[in-house]
Amino acid sequence: MTPLTPEQALAELRKFGGVQFDPAVVDAFIRTKWARGVKDPGSDESRDVPMIGQAAGSIGLAVVPTTSGTAS
């Protein structure tokens, strides 16, 4: 397997920002000296968020009824 180019690595960070990576941390990293001079694919790209990302966000909101009839 060959390593990613710097441009490909930034694209992966942008692609998975909000799904696997905190988007604020991705934006902060892209402003550091380590990403300086690398073409940034930008955060304004529209992309589909995988279903698993949507499901993970809703797990904390789920209410599971107990056998006594009260929610836990």
Side-chain angles (χ1 to χ4, degrees):
M1 187 167 142
T2 59
L4 298 177
T5 66
E7 290 80 13
Q8 290 171 324
L10 281 185
E12 287 292 301
L13 288 172
R14 288 287 191 196
K15 179 179 176 182
F16 292 106
V19 177
Q20 183 176 358
F21 307 114
D22 184 330
V25 174
V26 172
D27 288 336
F29 173 76
I30 290 173
R31 290 190 304 267
T32 67
K33 67 179 181 178
W34 292 283
R36 197 169 294 139
V38 179
K39 183 181 175 191
D40 181 5
S43 61
D44 294 329
E45 293 180 351
S46 62
R47 62 179 177 82
D48 292 332
V49 176
M51 290 287 273
I52 194 158
Q54 294 169 349
S58 65
I59 288 173
L61 302 175
V63 177
V64 180
T66 62
T67 57
S68 63
T70 60
S72 59

When rounded to the nearest 0.5 Å, the distance separating NZ of K15 from CD of Q20 is 10.5 Å

Nearest heavy atoms of E12 and L4, plus distance in Å =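 In terms of heavy atoms, the two residues are closest at CG-CD1, 4.0 Å.
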
Which atoms form the tightest heavy-atom contact between G18 and P23, and what is the distance?
-> N-CD, 3.5 Å

What pairs with Q8 under side chain to side chain donor-acceptor pair (under 3.5 Å), at least two apart in sequence or on another chain?
-> T5

side-chain contact (heavy atoms from CB on, under 4.5 Å) with F29: which residues, sequence neighbours excluded?
->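 In terms of side-chain contact (heavy atoms from CB on, under 4.5 Å), with neighbours along the sequence ignored, F29 is linked to L10, L13, T32, W34, A35.
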
